Undergrad: 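Structure provided below as structure tokens; questions to follow.
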Amino acid sequence: MSMRLSLPRNGLPAVAALDLLVALLIVTGGLTPTPAGLVAAAVVAPLSALGYVHVYQLFRAAREAGASPRDALRTVADALVPLPARMLMRAERRNLASFALWVRRRQDGVPPDGVALAYAKNQRPLLLMLLFAVAVQAVALEWMLAASDASADLRAIVMVADVYQLLFVLALGAASATRPHVVTAEELRIRYGAYFDVRVPRELIASVKISRNYDARGVIAVADGHLTVGVDAQTNLIVNLTAPITVTRPLGRREHITTIRFYADDPGSALRSLTGDHPLR
């Protein structure tokens, strides 16, 4: 009787990527090889080789299907990076791009005939408090590291992390201001910064009403077919649908929903924009 070892092909590219990272650290002097490490490398080497072959097969298959070299490399990158990480990376890029929109006082995804429904006003105090806390933390950490004669490399790493935290808070504020909810003749688009975006065809909207709620759990939550997109634990509008729609959560998970609770700075204006030109029953 013969036995065949079955390996998870989806994990092979990740093994190859980790192997390359370790090799790079060794070459640059960031990691010193040990006897135990060499033994582990010898054990993992066959998996790494299979990973390289799998990466090449993915690239070649994409090229044979007509993809450009750039698109083929993107296919390989999708195999290397898990979906939640890719979703977060894309959101971070869009958040940072929102800085340019905010400086130019532009809004993303609002057509000339669309109505923008802002939701960022109520979260500004929280963002300002976060900015203050991050700034105080950065100063305190730098003072502590300087007092303890920490190495320049460690201080630089901590400083980069602190700057990133500041950028993250600022980018979240910019994205929330430049990516509002949008109402058009065709759809209701509900968003939260660059992390969440759902389009609801207006023909699927059964009813809309103002319904204030002050105990929303989390910013984006789905439970029993009910979607909540809250701001500062608040929602003030509820939309009931005639049929389920599919939404994609920030980390890539898909859900089916029939009810949406969300927040708008001016719920009355939002209600009029949804019921005025196209009355809903």
Side-chain angles (χ1 to χ4, degrees), residues 87-88 91-92 94-95 98 101-102 107-110 114-134 165-166 168-184 187-202 204-241 244-251 253-276 280:
M87 297 286 288
L88 287 177
E92 287 301 298
R94 294 179 184 137
N95 276 344
S98 299
L101 294 173
W102 182 74
Q107 291 183 319
D108 172 80
V110 182
V115 177
L117 306 178
Y119 57 86
K121 181 179 179 180
N122 208 43
Q123 69 178 5
R124 288 173 188 167
L126 176 61
L127 292 178
L128 289 174
M129 287 189 292
L130 285 175
L131 280 175
F132 178 75
V134 171
Q165 289 185 74
L166 286 169
F168 174 81
V169 177
L170 290 171
L172 179 59
S176 297
T178 59
R179 299 172 184 270
H181 308 313
V182 182
V183 176
T184 67
E187 65 180 11
L188 164 64
R189 187 177 184 184
I190 299 174
R191 300 190 283 186
Y192 185 80
Y195 293 102
F196 186 76
D197 190 348
V198 57
R199 298 173 182 264
V200 183
R202 291 189 64 158
L204 293 183
I205 298 178
S207 64
V208 183
K209 66 178 181 179
I210 294 177
S211 176
R212 300 184 184 276
N213 180 32
Y214 298 93
D215 61 351
R217 296 183 178 181
V219 176
I220 301 163
V222 179
D224 299 325
H226 302 290
L227 167 67
T228 299
V229 184
V231 174
D232 194 23
Q234 298 182 46
T235 61
N236 51 22
L237 288 156
I238 182 169
V239 177
N240 294 305
L241 307 180
I245 63 172
T246 302
V247 300
T248 302
R249 300 177 68 166
L251 295 182
R253 183 177 176 180
R254 294 178 177 272
E255 305 272 7
H256 299 289
I257 56 105
T258 55
T259 303
I260 304 172
R261 287 184 176 271
F262 69 102
Y263 178 87
D265 290 342
D266 187 349
S269 176
L271 183 63
R272 288 191 295 273
S273 68
L274 282 166
T275 60
L280 300 172

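It should be emphasised that the depicted structure is a prediction, and the values quoted were computed from it without experimental measurement. All residue numbers in this chain count up from 1 along the given sequence.
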Undergrad: Strictly distance-based, threshold 3.5 Å: is any side-chain N or O of Arg179 a donor or acceptor partner for the main-chain N or O of Asn95?
TA: no

Undergrad: Among side-chain atoms of Thr228 and Arg217, is any donor-acceptor pair under 3.5 angstrom?
TA: no

Undergrad: What distance do Leu271 atom CG and Ile238 atom CD1 have between them, rounded to the nearest 0.5 Å?
TA: 12.5 Å

Undergrad: Will you find, in the side chains of Asp108 and Thr178, an N or O donor that is under 3.5 Å from an N or O acceptor?
TA: no

Undergrad: Does any part of the side chain of Val229, heavy atoms only, come nearer than 4.5 Å to the side chain of Thr235, both counted from C-beta?
TA: no

Undergrad: In chain order, what residues pass the salt bridge (Lys or Arg N to Asp or Glu O under 4.0 Å) check against Arg212, with sequence neighbours excluded?
TA: none

Undergrad: Please check if the side chain of Arg124 supplies one atom and the backbone of Gly173 the other of a donor-acceptor pair under 3.5 Å.
TA: no

Undergrad: Decide yes or no on side-chain contact (heavy atoms from CB on, under 4.5 Å) for Tyr263 and His181, but give the supporting numbers first.
TA: CA-CA 9 Å; Tyr263 178 87; His181 308 313; 5.6 Å; no

Undergrad: In this structure, which one of Ile190, Thr259, Ile220 forms a side-chain contact (heavy atoms from CB on, under 4.5 Å) with Leu227?
TA: Ile220

Undergrad: Would you say Tyr192 and Gln123 are linked by a side-chain donor-acceptor pair, where the criterion is simply a distance under 3.5 Å?
TA: yes

Undergrad: Where is the tightest heavy-atom contact between Gly193 and Tyr119, given as atom of each residue plus distance?
TA: N-OH, 2.8 Å

Undergrad: On a heavy-atom basis, which atom in Pro125 and which in Asn122 lie closest, and how many Å separate them?
TA: CD-O, 3.7 Å

Undergrad: Roughly how far, to the nearest 0.5 Å, is the CZ atom of Arg199 from the CD1 atom of Ile245?
TA: 12.0 Å

Undergrad: For Ala194 and Arg94, which heavy atoms make the closest approach, and how far apart are they?
TA: CB-CB, 3.4 Å

Undergrad: Could you check Tyr195 against Leu172 for side-chain contact (heavy atoms from CB on, under 4.5 Å), going step by step and ending with a plain yes or no?
TA: CA-CA 9 Å; Tyr195 293 102; Leu172 179 59; 4.0 Å; yes

Undergrad: Sub-3.5 Å donor-acceptor pair from the side chain of Thr184 to the main-chain atoms of Glu187, do we have one?
TA: yes

Undergrad: Check for a donor-acceptor pair, side chain of Arg191 on one end and backbone N or O of Pro180 on the other, with a separation under 3.5 Å.
TA: yes

Undergrad: What's the separation between atom CG in Leu170 and atom OG in Ser98, rounded to the nearest 0.5 Å?
TA: 12.0 Å

Undergrad: Kindly indicate whether the side chain of Leu251, heavy atoms from C-beta on, has any atom under 4.5 Å from the side chain of Leu88.
TA: yes

Undergrad: So which heavy atom on Ala270 is nearest to which on Ala264, and how close?
TA: CB-CB, 4.3 Å

Undergrad: Decide yes or no on side-chain contact (heavy atoms from CB on, under 4.5 Å) for Glu255 and Arg249, but give the supporting numbers first.
TA: CA-CA 8 Å; Glu255 305 272 7; Arg249 300 177 68 166; 3.2 Å; yes

Undergrad: CZ/Phe168 to CD/Gln165 distance, rounded to the nearest 0.5 angstrom?
TA: 9.5 Å

Undergrad: Just wondering, do Leu241 and Ile257 contact through their side chains at under 4.5 Å, heavy atoms?
TA: yes

Undergrad: Give a yes or no on whether the backbone of Lys121 and the side-chain of Asp265 come within a donor-acceptor separation of less than 3.5 Å.
TA: yes

Undergrad: Identify the heavy atoms of Ala177 and Gln107 that sit nearest to each other, and give their distance.
TA: O-NE2, 3.8 Å

Undergrad: Among Val182, Val115, Leu237, Ile205, which one satisfies side-chain contact (heavy atoms from CB on, under 4.5 Å) with Leu188?
TA: Ile205

Undergrad: Do you know which two heavy atoms are closest between Leu127 and Val169, and how far apart they sit?
TA: O-CG1, 3.7 Å

Undergrad: side-chain contact (heavy atoms from CB on, under 4.5 Å) between Asp197 and Thr248: does it pass, once the steps are laid out?
TA: CA-CA 8 Å; Asp197 190 348; Thr248 302; over 6 Å; no

